[in-house]
Amino acid sequence: MELIILPTADDVARVAADRIAGALRKKPHGVLGLATGSSPLAIYRELARQVESDLLDLSGVSGFALDEYVGIPETNEQSYAAVIAREVTGPLRMDPELVHVPNGRADDLSAACDDYEKEMAACGGVDVQILGIGGNGHIGFNEPGSSFASRTRHKVLAPQTRADNARFFDSPADVPTQCLTQGIGTILEAAELVLVAQGEAKASAVAAAVEGPLTSMCPASALQLHRRATVIVDEAAAALLKLSDYYSLAFEVSQS
Ligand code: GLP
């Protein structure tokens, strides 16, 4: 795992966007794995800036979102289908036909999950997957206890996740209780993973993911099993890392 510690959240977005843009310039018909939540928003803004400046063309790139709520319509502006359309597909000038979100409104949720896996496979799998991390160490909506072998499936959200996401809704009671999410096994199949975290509220989850044991209690610790995983954090999110001097040295050498 490569760990990059940068002074500010803006630096995190810029460096992460450059990695992602670099991977997709080499593969104009590649597949981008999309995360929701607040962590990747500045990455999307930076990618949009590159697209507007004609430095990047994502019109042939497919997108697959990590997860979706169950129990709210697509027209709810907090559904991930709506968030991805608003924050990603439009600003990044992606083709809406090529951007996929799990169908949390399907009558048969289990079939919708299986179909999602098949669609991803038909596109050749994800080339670069953007990830945030929950305060409890979740990736996608894989809550603590999720199997590292899990696939896209129907899950119940942890109370902490519902509380963390209440800020996006009018009232805490409006936060859905269930979701569909790519599994940890699904996420680990992406060719490259880029996880970003900003702020002190993420410091303990980042330390557990990067330096803690491999454990389903911290789903993001599964990144330790991946050949090409990069974790890009600001200094506040890096505050509890024991080896931060080493990571900074390694990054410095890689840039020289
Ligand atoms: C959300 C999403 C995750 C995201 C995480 C952190 O609920 N399902 O994909 O990475 O929780 O969210 P945020 O970036 O808003 O802190």
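Here the structure is a predicted model, which means the values were calculated and not measured. Both counts, for ligands and for their atoms, begin at 1 and track the order of listing.
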Under 4.0 Å from a heavy atom of [X]: give me the atoms of ligand 1 that qualify, with their elements.
X	value
G132	10 (O)
S38	13 (P), 14 (O), 15 (O), 16 (O)
I133	6 (C), 10 (O)

Protein contact to [atom] [nearest heavy atom, distance to 0.1 Å]:
atom	answer
atom 5 (C) of ligand 1	H138 NE2, 3.3 Å
atom 4 (C) of ligand 1	T36 O, 4.0 Å
atom 16 (O) of ligand 1	K202 NZ, 2.6 Å
atom 12 (O) of ligand 1	G37 CA, 4.0 Å
atom 7 (O) of ligand 1	N165 ND2, 2.8 Å
atom 8 (N) of ligand 1	D67 OD2, 2.8 Å
atom 3 (C) of ligand 1	G140 O, 3.4 Å

Salt bridge flag under 4.0 Å for residues E46 and R49 |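 Answer for the salt bridge query: yes.
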
Among H226, R151, Q129, find the one that has a side-chain hydrogen bond (donor to acceptor under 3.5 Å, both in side chains) with E189.
->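 Exactly one pass, corresponding to R151.
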
[X]-[Y] side chain donor-acceptor pair, cut-off 3.5 Å:
X	Y	answer
N103	E74	no
S38	R167	yes
T8	D10	no

Quick check: does any side chain N or O of T89 sit under 3.5 Å from a backbone N or O of P96, one acting as donor and the other as acceptor?
->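 No.
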
Kindly say whether K242 contributes a backbone atom to a donor-acceptor pair with the side chain of E211 at under 3.5 angstrom?
->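 Yes.
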
Taking the six-membered ring for Trp, are Y69 and F169 ring centroids under 6.0 Å apart?
->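 Distance test on ring centres: under 6.0 Å, yes.
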
Mode of T181 contact toward ligand 1 - side chain, backbone, both, neither (heavy atoms, under 4.0 Å) |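 None of T181 does.
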
Under a 4.0 Å heavy-atom limit, does Y69 contact ligand 1 with its side chain, its backbone, both, or neither?
->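 For Y69, no heavy atom sits under 4.0 Å from ligand 1.
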
Option with minimal heavy-atom separation from atom 14 (O) of ligand 1, where the choices are S39, A35, G199, A205 =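 Selected option, by shortest heavy-atom distance: S39.
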
Any R167 heavy atom less than 4.0 Å from ligand 1 |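 The answer is yes: ligand 1 sits under 4.0 Å from a heavy atom of R167.
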
If you look only at pairs with a residue in residues 230-256, which of them pass as a ring pair (Phe, Tyr, Trp, His ring centres under 6.0 Å), with sequence neighbours excluded?
->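 Output for this query is empty, none listed.
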
